[in-house]
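Below, chain A is the first sequence line, B the second, and so on; all start at residue 1. Values reported hereafter were calculated over all heavy atoms of this structure, with side chains retained and with hydrogens, waters and symmetry mates removed.
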Amino acid sequence: MTSSHSRPDWLRTHTCGELREANVGQSVVLNGWVDARRDHGGIYFVDLRDRYGITQVTLTPEQSDALPFSTEFVLGVHGKVVQRENPNPDRPTGLIEVRTERIEVLSPSPTPPIDIIDNLDAAVDTRLRYRYLDLRRGPLQRNLIHRSKFIASIRRAFEDQEFIEVETPVLTRATPEGARDYLVPSRVHPGQFYALPQSPQIFKQILMVAGYDRYFQVARCFRDEDLRADRQPEFTQLDMEMSFVHEEDVFAVWEGVMGRAFRENMGLELPQTFPRMRWEEAMDRFGSDKPDTRFGMELVDLAEWVPTCEFRVFQGALEAGGRVMAIRVPGGGSSVSRGQLKSLESAAKDLGAKGLAWWKPGEEGGAAGPVAKFMDGAVGEELLALTAVDGATTDGDLLLFGADAERIVWRVLGDLRLRLARQLDLLPPATGDGAQWNFLWVTHFPMFEFDEAAGRYFSSHHPFTCPEDETLGGDEPDVSKLVSRAYDLVLNGWELGSGSIRIHRQDVQARVFELLGIDASEQQLKFGFLLEALSYGAPPHGGFAVGLDRLVALTLGLDSIRDVVAFPKTTSAADLMCGAPSRVAPDQLAEVHVAPAGKALERDGSA
RNA sequence: GGGGGCGUAGCUCAAUUGGUUAGAGUGCCGGCCUGUCACGCCGGAGGUUGCGGGUUCAAGUCCCGUCGCCCUCGCCA
């Protein structure tokens, strides 16, 4: 059967990015948006744009007078490709132009509220309100195309290793712990709610029980928490799970996946294996569980040295069971001013420090810092030797100290290290030739973390994470010291993703619940169906998930994931383009058995 | 929920610290120009200064409230 529609003659024969000298003499039809116009009286230039490029079109005065059009109109241009009198070497199509024979407006446009140019400087609200115009711009198009190709590489990499892509539900059950759920009321079950998944965690473990052995998915996840530049309420994870594996098997798969995606999309060869670092070492050397290893300024433990120093604050910190550590800022003696030290100190205080001790060994008197008087002679010499990078002694450095509980020292010095690296420009460029791609596996996370407010322990990862020691320390364990088989993948100081080897033995699982203070009835209530599934022959398994939005943003050198998400939301989780969230008609609410309450009542219902 | 910043023409920003008719660049509209590609020259339109209230002879400017956007702490197993 043939179509009853005849093919319109304005349909393009070429895109706006493909005509070259070889096409000179050909009759062509182009479709595209009016990027710019230049009227020279006797001749009229139009830059016609689509996502492939820009081609210059020439019109006679008669043609331009006969047909009014403006920027962002969509045109169909019939014409002949000709060599240019004045070529433009800056454009791929710059050697040719299309001399118009016939032109028609396929679609008009009012003056756009934002310019469709690469270097746009417009308010974010306007860009989000008219997202379709923002997305028409070159940089955003290139971002989304890069994202698409990146995902395609990852899919191929998983498929080549026998992974099976399985879709899991978006309407699912509320999760007992973790982030706040997005809820969806059920019409059929009055008073009951679905939740949108925070991750496919439970489903992927069940797929292992079901024998799928190697699963992956490009999965949308939802968390009803406050936003940041690198956090959206819905985001995309590259999720996977494997059976009959050890940590190293999971790492190897991802090293292959990342290697392929970087090779195919960025022309970069990543190392075949990424470095591994235990959590404890990451904290001790970088003050962070997601260390940026592209620069030095590592933390140095001063426990051995402190007793030789008279400074009571340092000694007091050790006596109280805390730590004393320092970072050495190369050249900081001159590059970090008193004013900057003040703001560093206030940053340190915001993070829980009582103050910030510093020393500029090259300086005299007050300029040398508040603790300089304790650094005379051998004491100072020894400290300089301890903190020297690769044994090298450089003059004019700055030493910053942390003396407090271990957590605070890590947090404060880890933060100052990053702050100073940015301030002093120690970071390599985010993209391009000088860029570094420091992938790192961080392993051996603590099993549990104590929550002061709740007064109990919580799983650092989640309660199905396998402990390193399956006896969990025996009869009287020190819960705070237990180590898990959870791991993170870190890239240049960003946490790309996390995962773990799971518990598959019921006795171990029961013991973990016991340590978390979750009794049998609560277990049944919260995790019943998963525990039941795991009882029917659960293979030993483990998995991992990577935040795709962050990964893509990083590979493009962007700070904000908004520029790699087609339709992002604002800091208050609103979609300015379609106006979500919105009020709904009372009928619609009644149908799902929901009535406004609290603040929803105060704002009188202008539905 | 807390802290900070911002809100003036379609867009990006000014407005001498409370004082005449709120300006500029850009975009848009009109005119001129045959080789531009950030075209050029001339002219024009375009404003509820986010919104509401207050102080004052007088408010873009000061005060109170409110809304929105951005950053950030909490939060995000």
- [ ] Evaluate the ring planes of A:F251 and A:W441, with Trp represented by its six-membered ring, and classify them as parallel (under 30°), tilted (30 to 60°) or perpendicular (over 60°).
- [x] parallel
- [ ] Tell which nucleotide pairs with B:U16, taking only Watson-Crick or G-U wobble pairs whose two distances are both under 3.5 angstrom.
- [x] none
TODO: Take atom CD1 of A:I117 and atom C1' of B:G27, then tell me their distance rounded to the nearest Å.
DONE: 10 Å
Task: Polar side-chain contact A:Q56-B:U36 base: donor and acceptor under 3.5 Å - done: yes
- [ ] Look at the side-chain N and O atoms of A:R38 and state whether any lies under 4.0 Å from the OP1 or OP2 oxygen of B:C39.
- [x] yes
TODO: Over 60° means perpendicular and under 30° means parallel, so classify the ring planes of A:F448 and A:Y457, tilted if in between.
DONE: perpendicular
Task: Rounded distance in Å - CG (A:D65) to P (B:C33) - done: 11 Å
Open item on the list: Can you measure A:Y44 atom OH to B:C39 atom P for me and round it to whole angstrom units?
Closed with: 12 Å
TODO: Could you check which of B:C29, B:C70, B:U34 has an atom nearest any side-chain atom of A:L128?
DONE: B:C70
Task: Distance, C1' atom - from B:G23 to B:U61, rounded to whole angstrom - done: 16 Å
- [ ] Decide, for B:U55, between syn and anti: a glycosidic angle within 90° of 0 counts as syn, anything else as anti.
- [x] anti
Open item on the list: Does A:R173, at its CZ atom, have more than 12 non-hydrogen atoms belonging to other residues, nucleotides or ligands within less than 6.0 Å?
Closed with: no
- [ ] Quick one: look up who B:C69 pairs with, Watson-Crick or G-U, both distances under 3.5 Å, and put none if it's unpaired.
- [x] B:G5
Open item on the list: A:R502 and side-chain hydrogen bond (donor to acceptor under 3.5 Å, both in side chains): which single residue from A:H541, A:Q509, A:E241 fits?
Closed with: A:E241
Open item on the list: With nearest nucleotide decided by heavy atoms, which residue, A:T570 or A:G41, maps closer to the 5′ end of RNA chain B?
Closed with: A:G41
TODO: For residues A:Y215 and A:F203, establish whether the separation of their ring centroids is below 6.0 Å.
DONE: no
Task: Stepwise salt bridge (charged side-chain N to carboxylate O under 4.0 Å, His left out) test for A:R49 and A:E72 - done: CA-CA 9 Å; A:R49 181 194 68 233; A:E72 299 312 316; 2.7 Å; yes
TODO: Could you tell me whether A:Q232 contacts a base, only the sugar-phosphate backbone, or nothing, with contacts defined as non-hydrogen atoms closer than 4.0 Å?
DONE: nothing
Task: nucleotides 71-77 of chain B: protein proximity per nucleotide (B base, S sugar-phosphate only, - neither; heavy atom, under 4.0 Å) - done: SSBBBBB
TODO: Answer yes or no: side-chain N or O of A:R37 and base N or O of B:U36 forming a donor-acceptor pair under 3.5 Å.
DONE: no
Task: Atom-pair distance (CD1 on A:I43; C1' on B:C39), nearest Å - done: 13 Å
TODO: Just call it for A:D224: base, sugar-phosphate, or nothing, with non-hydrogen atoms closer than 4.0 Å on any strand.
DONE: nothing
- [ ] Check every strand shown and say whether A:P87 touches a base, only sugar-phosphate, or nothing at a heavy-atom separation below 4.0 Å.
- [x] base
- [ ] Run through A:D50, A:V77, A:L30 and flag the one making a side-chain contact (heavy atoms from CB on, under 4.5 Å) with A:R12.
- [x] A:D50
Task: Separation of the P atoms in B:C41 and B:U21, to the nearest angstrom - done: 32 Å
Task: Donor-acceptor pair (no angle test) under 3.5 Å: A:D125 side chain, B:C69 base - done: no
- [ ] Take atom CD of A:E72 and atom P of B:G27, then tell me their distance rounded to the nearest Å.
- [x] 14 Å
- [ ] Would you mind classifying the nucleic acid contact of A:T71 as base, sugar-phosphate or nothing, using non-hydrogen atoms under 4.0 angstrom?
- [x] sugar-phosphate
Open item on the list: Suppose you measure atom C1' in B:C73 against the same atom in B:U8; what distance do you get, rounded to whole Å?
Closed with: 32 Å
Open item on the list: In this structure, how many angstroms lie between the C1' atom of B:C69 and the CZ atom of A:R127, rounded?
Closed with: 13 Å
Task: A:D404 with A:K354: basic N within carboxylate O range, under 4.0 Å - done: yes
TODO: Would you please classify the geometry between the A:F45 ring and the A:H40 ring as parallel, tilted or perpendicular, with 30° and 60° separating the classes?
DONE: perpendicular
Open item on the list: What's A:R129 touching, base or sugar-phosphate or nothing? Going by heavy atoms closer than 4.0 Å.
Closed with: nothing
Task: Presence of donor-acceptor pair under 3.5 Å, side chain of A:D39 and base of B:C33 - done: yes
Open item on the list: Which label fits A:F73 and A:F69: parallel for a plane angle under 30°, tilted from 30 to 60°, or perpendicular past 60°?
Closed with: tilted
Task: Proximal nucleotide (of B:C69, B:C37, B:C39) relative to the A:R91 side chain - done: B:C37
Open item on the list: Just so I know, are the side chains of A:L75 and A:N31 near enough to count as touching, which here means a heavy-atom distance under 4.5 Å?
Closed with: no
Open item on the list: With a 3.5 Å limit on both atom pairs, tell me what B:C62 is paired to, counting Watson-Crick and G-U wobble, or say none.
Closed with: B:G54
- [ ] Could you check which nucleotide pairs with B:C41 in any of the strands shown, counting Watson-Crick or G-U wobble with both distances under 3.5 Å?
- [x] B:G31
TODO: Could you tell me which nucleotide pairs with B:A22 by Watson-Crick or G-U wobble geometry, both distances under 3.5 Å, or answer none if nothing does?
DONE: none
Open item on the list: To check you understand the geometry: which heavy-atom pair defines the closest contact between A:A574 and A:P581, and what is its length?
Closed with: CA-CD, 4.1 Å
TODO: Can you tell me, in whole Å, how much space there is between the C1' of B:G40 and that of B:U26?
DONE: 16 Å
- [ ] Could you measure between the two C1' atoms, the one in B:G30 and the one in B:G47, and give it in whole Å?
- [x] 22 Å
Task: Nearest-Å distance once atom P is located in both B:A15 and B:C62 - done: 12 Å
TODO: Using whole Å, report how far CG of A:D575 lies from P of B:G68.
DONE: 15 Å
- [ ] Return no unless some side-chain N or O of A:S572 is found under 4.0 Å from OP1 or OP2 of B:G68.
- [x] no
Return the polar atom pairs (N/O with N/O) between nucleotides 10-15 of chain B and the protein under 3.5 Å, or none.
unit_1	atom_1	unit_2	atom_2	d
B:G10	O2'	A:P113	O	3.1
B:C11	O4'	A:P113	O	3.3
B:U12	OP1	A:A123	N	2.5

Open item on the list: Run A:E225 and A:R231 through salt bridge (charged side-chain N to carboxylate O under 4.0 Å, His left out) and show every step you take.
Closed with: CA-CA 9 Å; A:E225 298 291 349; A:R231 229 155 66 191; over 6 Å; no
Task: Phosphate OP1/OP2 of B:G1: any A:K599 side-chain N/O under 4.0 Å - done: yes
Open item on the list: When the C1' atoms of B:A22 and B:G60 are compared, how many Å lie between them, rounded to an integer?
Closed with: 8 Å
Open item on the list: If I pick the P atom on B:G74 and the same atom on B:G54, what distance separates them, to the nearest angstrom?
Closed with: 42 Å
- [ ] Starting from P on B:C70, measure out to CG on A:D559 and report it in whole angstrom.
- [x] 15 Å
